[in-house]
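Presented below is the structure to which this report refers.
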Amino acid sequence: AIGEWVLAKLALSIRIGPTTRALCPDGSYSELLLTLLDNATSVSIVDNQMAIFTNDANGLTTLNFRARE
């Protein structure tokens, strides 16, 4: 997927652009992940861990990421 993002203070906006599922295996969560990222509203970064918060029709969702060691 290609997209762009804007971070102003801790308000996050991600817009997903063109995508392809050519390399996604069966059962991939790529579509769900892209939908959640497209609904991002804010971010928190603490101790090499990032949480992206989304808000959509299903309510508030938190995506948690950590730096790869």
Quiz item: Are I2 and L34 co-members of a hydrophobic cluster defined by side-chain heavy atoms under 4.5 Å apart?
Solution: no
Exercise. Check whether I16 and Y29 end up in the same hydrophobic cluster, where Ile, Leu, Val, Met, Phe, Trp and Tyr are linked by side-chain heavy atoms less than 4.5 Å apart.
Key: yes
Exercise. Starting from the C-alpha separation in whole Å, work towards a yes-or-no answer on side-chain contact (heavy atoms from CB on, under 4.5 Å) for L12 and V6.
Key: CA-CA 6 Å; L12 178 65; V6 175; over 6 Å; no
Practice problem: With T54 as reference, evaluate L36, I14, T35 under the side-chain contact (heavy atoms from CB on, under 4.5 Å) test and give the passing residue. | Solution: L36
Practice problem: Indicate yes or no: at least one non-hydrogen side-chain atom of V43 is less than 4.5 angstrom from one of M50. | Solution: yes
Quiz item: Quick check: are there more than 12 heavy atoms from other residues, nucleotides or ligands sitting under 6.0 Å from CG of N64?
Solution: yes
Exercise. Step through the shown structure and confirm whether more than 12 heavy atoms of other residues, nucleotides or ligands are within 6.0 Å of CG on L32.
Key: yes
Quiz item: Can you list every pair that meets side chain to side chain donor-acceptor pair (under 3.5 Å) and has a residue in residues 18-28, with sequence neighbours left out?
Solution: S28-S30
Practice problem: Give a yes or no on whether the backbone of F53 and the side-chain of S42 come within a donor-acceptor separation of less than 3.5 Å. | Solution: no
Practice problem: From the options N55, T61, I52, select the one residue that forms a side-chain contact (heavy atoms from CB on, under 4.5 Å) with T41. | Solution: N55
Quiz item: Side chain of R15, backbone of D38: donor and acceptor closer than 3.5 Å?
Solution: yes
